[in-house]
Amino acid sequence: MKAAVLVIDMLNDFVHGALKVDRAQRIIPNIRKLVEHARSRKIPVIYTNDSHIKGVDREFRLWPEHAVEGTWGAEVIEELKPTEADYVVKKRRYSAFYSTHLDLLLRELDVDTLILTGLVTDVCVQHTAADAFFRGYHIIVPEDCVDSLSEERHRAALEYMKNIYGCEITKTEDLIGRL
Ligand code: ZN
């Protein structure tokens with residue numbers, strides 16, 4: 001197994017701002033623990049960040065304006081800032097694969113297993129899992145490193161990803177023991 005950790009949309013607008021997810025706080029220490037462990041084991045850490053174009057992106061017909069490129073809201077939260085060794089991929093849609101260079105980067109890093117963390121379980125995490133599944137990656141989701149707007153939405157998405165994409169649902173502590 002050659003894994004990479006994806007940190008999805010842990011941005012100011014999702015944690016504090018325009019699209020604030022109240023439940024985001026509980027996953028921050030777990031993601032931090034996981035990415036620090038990954039860095040220590042030379043496992044790539046890839047941030048996939050919403051970076052929208054003001055007045056253009058169609059997503060703004062459904063959601064309040066958020067994570068506009070170049071603004072505070074589009075920056076990774078203070079607690080999880082990327083280091084020089086990490087990779088950052090900007091995205092404009094829910095899936096971290098859609099019209100980005102993520103797949104190319106993963107292939108160049110010889111990655112076959114994706115560990116998905118971040119926000120939101122039933123939106124960007126689930127769509128990224130779908131695209132990862134279509135491309136043949138093995139997918140692991142530590143359930144205490146992702147969250148949604150409610151427990152019901154969170155649980156339903158985990159169940160869907162497990163049944164439909166074969167995602168392995170686990171917990172941070174168990175996963176760290178294997179990496
Ligand atoms: Zn967005």
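Basis for what follows: all heavy atoms, side chains included, without hydrogens, waters or symmetry-related copies. Just follow the structure's listing: the first ligand is 1, and inside any ligand the first atom is 1. Counting begins at 1 with the first residue of the sequence.
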message = Tell me which pairs pass salt bridge (charged side-chain N to carboxylate O under 4.0 Å, His left out) where either residue lies in residues 167-179, with sequence neighbours left out.
response = Lys33-Glu173, Glu143-Lys171, Glu168-Arg178

Which pairs would a plain distance check flag for residues 67-79, meaning a side-chain donor or acceptor within less than 3.5 Å of a matching protein atom at least two apart in sequence or in another chain?
from	atom 1	to	atom 2	distance (Å)
Glu69	OE2	Lys90	NZ	2.8
Thr71	OG1	Val68	O	2.6

request  = Could you tell me which residues satisfy side-chain contact (heavy atoms from CB on, under 4.5 Å) with Ser150, sequence neighbours excluded, listed by chain and number?
outcome  = Glu152, Arg153

key: Residue from Tyr94, Tyr98, Tyr160 passing ring pair (Phe, Tyr, Trp, His ring centres under 6.0 Å) with His127   = Tyr94

inquiry  = If the threshold is 4.0 Å, N to carboxylate O, is there a salt bridge linking Lys91 and Asp50?
reply    = yes

ask   = Should we say atom NZ of Lys54 is surrounded by more than 12 heavy atoms from elsewhere, each under 6.0 Å from it?
value = no

request  = List nothing but the number: protein N/O/S atoms under 2.8 Å from the Zn ion (ligand 1).
outcome  = 4

